[in-house]
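Labels below follow one simple rule: chain letters A, B, ... track the order of the sequence lines, proteins then strands, and each chain is numbered from 1.
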Number of protein chains: 4
Amino acid sequence: MGETETKGAGRPRSAEKDAAILQAALELLASHGYTRMSLSQVAAAAQVSKSTIHLRWKTKADLLTAALAALRMAEAPPASRDTRADLITILKDFAATVERVRGMALIGTCLAEEAHTPELLALLRERTVLPRRTLLRQVLEQARDRGEIRPGADLEAAVSALLGPFYADYMAGRGGRMGWAEDAVDLALAGLRPTDT
Amino acid sequence: MGETETKGAGRPRSAEKDAAILQAALELLASHGYTRMSLSQVAAAAQVSKSTIHLRWKTKADLLTAALAALRMAEAPPASRDTRADLITILKDFAATVERVRGMALIGTCLAEEAHTPELLALLRERTVLPRRTLLRQVLEQARDRGEIRPGADLEAAVSALLGPFYADYMAGRGGRMGWAEDAVDLALAGLRPTDT
Amino acid sequence: MGETETKGAGRPRSAEKDAAILQAALELLASHGYTRMSLSQVAAAAQVSKSTIHLRWKTKADLLTAALAALRMAEAPPASRDTRADLITILKDFAATVERVRGMALIGTCLAEEAHTPELLALLRERTVLPRRTLLRQVLEQARDRGEIRPGADLEAAVSALLGPFYADYMAGRGGRMGWAEDAVDLALAGLRPTDT
Amino acid sequence: MGETETKGAGRPRSAEKDAAILQAALELLASHGYTRMSLSQVAAAAQVSKSTIHLRWKTKADLLTAALAALRMAEAPPASRDTRADLITILKDFAATVERVRGMALIGTCLAEEAHTPELLALLRERTVLPRRTLLRQVLEQARDRGEIRPGADLEAAVSALLGPFYADYMAGRGGRMGWAEDAVDLALAGLRPTDT
DNA sequence: AATGAATGAGTGTTCATTCAT
DNA sequence: AATGAATGAACACTCATTCAT
């Protein structure tokens, strides 16, 4: 867990190179896709030889799996007690993150590789999708506890209703549309309101 | 003699081969992704020589563009006058179609290739995403005209709210979950109901 | 020998197409070289299908051999009885012809193909080189008969001395240099003069 | 420690392979021509993988350019002070060199490729043609200084007159003819003699 | 540890030629 | 006769991986 797990003999591996390689790999994965990126490109971007990469990760898939695993987990949840504002904040931060790292291309790559390298999509889920969903669900749970949401509501479905429009808009070519987060939150909260009768 | 004008000399092009190539290309595109599939594989699957493919489409991108363009456009809309049932029918047919053609892998490929071959995503949109959205919007418009939906509602946003959960569920590893369509429709219709006051 | 050698049944072959193909082939041979030119290019330039070419000539080599064989033979010799002027005229016409048809590239192609398709160089010799040499030798013979040239001189060697500088200049990157013909003729005639003592 | 600066890490590149590749490339260039030779053939002849070639030279043109550039530059000039003998020696060595490396095919290839890969002809000139011409011109200059040649003579033209018959003979199918060098030298020297009056 | 050399499998594409209309 | 479809062999080049230093 520290710097030198097993002390071992010989020169220790450079931690800077580890990091440089992983970062370069992740950027190339998003910008070129799994099969179109090459280890030579990674090596060049990380200022390292190709063999140095293979020394650490046996195959291309191993490297990219490690690169995805290094993605940062999640942010601290906002805590304003204003359900609508909190949800919108989380959704907007989600969209901003995706846009910053060419996220749709990265998501696409993991989807495209699912049959061949399922670890990629699994890691993407575990590291980025699920933590974000947890944040949203926590806000919804608090809202339910405060009586703002119908007690029996399926909160996982509600989370999908909040995030879904982002994907659907992108697929429709309407990605980045203004107000999408507000629309999604308003529609969901309206649908979840208690005592509709 | 007669219509010799555009009769066309020489051996006519085999329509079976056309179809076999396009089908093989589409299947391989979904199962392997753009860069991992090869024209040799397409040729082998279609029982055709590689040159026969190049005779019809100049490049790999041309072939796959054509394969995507051959995707069926839209379905006949259901006409039951029952808004909820119609929407659910459309969404379920959408999900079934996606599953039948390994649709998420195909979508992933098009997303991953967006930077390199944007025509793929464009065609996927034009041929599959937008027609489906049109169907949904027509049902919503009729519902609005019948007074079931608030007059000022943004119906495009509503369409994204209907389709979005499908994508979000898939990304969360909850793809194919029972009742997703009903949940999405119920939430959306509840949120769009008129006279909330 | 006429248009329809053996009358045969069916439609007679189009003579215009024959000519168009041969001309296109020759031009492409000079501009692209044997291996870099393609029968598709010939077909396109001659406005004919590839099969029409194969109908007349079995292989690419056959076609190009025929194209070279169609090169025009030689010009009528000038007859001014002025040896120097006549030689210069012939040499300049030779250079002009070579330049007009990208002759050095054509010569290069035939030389390069000598091991593989020796007919090409043989035809080039027979149709273009040797006729020109004959012209030069005739002028020299008349000059010798008139006593302007030493009786025992080797006239074939003299012909090579007249033509050679053209090739040597081209190889040295001095091709097309002004006055080369005059220089060559003057040097040769000076060397061939009788009664040097 | 010491000159570690440009010591170079990793496995050193095999010099034998370098040489084997270049030699094989040159031989195939002369025997097959630029477009008809293949890198597979070079690899096989040099007992090397195709990738090993590409590791050293990025493209086919690069490789063949390097192969031509490796041709030996010039010979030591003979220094017998006997102008006629020296010129004949140089010319005969020239002819022998050309024959040894299938020179006319090589020249043909460079001429044929001039439009497409002009570096080939340029290198052939620089490495083989021009050094040889320099040798000849030096002998002629010394002869002129000794008064054996008319002072105002154009020595470059004289060089072309010396070398030219070799090319002209080859084109006429008289290549390798006995005595060509003596004939060329005698004719040129006779034409260049001073005080013809 | 780190590097660069070396490789075999594979890519999309071109082409001369043959086949069916 | 003339055409266009169809093909197999070949091409230059790339890449992930292994080997020697």
| query | Base, backbone or nothing for each nucleotide of nucleotides 16-21 of chain F, written B, S, -, heavy atoms under 4.0 angstrom, 5' to 3'? | reply | BBBBBB
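- Counting heavy atoms from C-beta on, the side chains of Leu64(D) and Glu113(D) never come closer than 4.5 Å.
- Atom P of nucleotide dC11(F) and atom CG of Leu63(D) are separated by 15 Å, given to the nearest angstrom.
- For the pair Trp57(A) CH2 and dA2(E) P, the computed distance is 11 Å after rounding to whole Å.
- Regarding Ile53(D), its CD1 atom lies at a distance of 10 Å from the P atom of dA12(F), rounded to whole Å.
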| said: Between Ile107(B) and Met104(B), does the side-chain contact (heavy atoms from CB on, under 4.5 Å) criterion hold? Intermediate values first, please. | reply: CA-CA 5 Å; Ile107(B) 288 171; Met104(B) 287 310 287; 3.9 Å; yes
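- Qualifying side-chain contact (heavy atoms from CB on, under 4.5 Å) partners for Lys50(D), counting only residues two or more places apart in sequence or in other chains: Ser40(D), Ala43(D).
- Note that CZ of Arg102(C) is 8.5 Å distant from NE2 of His32(C), once rounded to the nearest 0.5 Å.
- Atom CG of Leu55(D) is separated from atom P of dA12(F) by 18 Å (rounded to the nearest Å).
- Lys17(B) places its NZ atom 12 Å from the P atom of dA5(F), with the value rounded to the nearest Å.
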| Is there a side-chain contact (heavy atoms from CB on, under 4.5 Å) between Leu39(C) and Trp57(C) once you walk through the steps? | CA-CA 11 Å; Leu39(C) 294 192; Trp57(C) 299 277; over 6 Å; no
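- Computed from coordinates, the Leu28(C) CG to dA16(E) C1' distance equals 15 Å when rounded to whole Å.
- The backbone N or O of Lys17(C) lies less than 3.5 Å from a partner atom in the side chain of Ser14(C), making a donor-acceptor pair.
- dC15(E) atom P lies 14 Å from atom CZ of Arg36(D), rounded to whole Å.
- The phosphate of dA2(F) (OP1 or OP2) has no side-chain N or O of Ser49(C) nearer than 4.0 angstrom.
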| field | Derivation of the side-chain contact (heavy atoms from CB on, under 4.5 Å) call for Glu126(C) and Leu123(C) | value | CA-CA 5 Å; Glu126(C) 180 191 331; Leu123(C) 274 166; 4.3 Å; yes
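- Side-chain contact check for Thr128(B) versus Leu68(B): every heavy-atom pair is 4.5 Å or farther apart.
- Nucleic acid contact class of Arg56(A) (heavy atoms, under 4.0 Å, all strands): sugar-phosphate only.
- Pairing analysis of DNA chain F (Watson-Crick: purine N1 to pyrimidine N3 plus N6-O4 or O6-N4; G-U wobble: N1-O2 and O6-N3; both under 3.5 Å) yields stems of 3 or more pairs at E:2-21 with F:2-21.
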| said: Evaluate Leu124(B) against Leu71(B) for side-chain contact (heavy atoms from CB on, under 4.5 Å), listing each step before the verdict. | reply: CA-CA 8 Å; Leu124(B) 193 71; Leu71(B) 277 180; 4.2 Å; yes
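- Taking atom CZ on Arg13(C) and atom P on dT3(F), their separation rounds to 12 Å, with Å as the unit.
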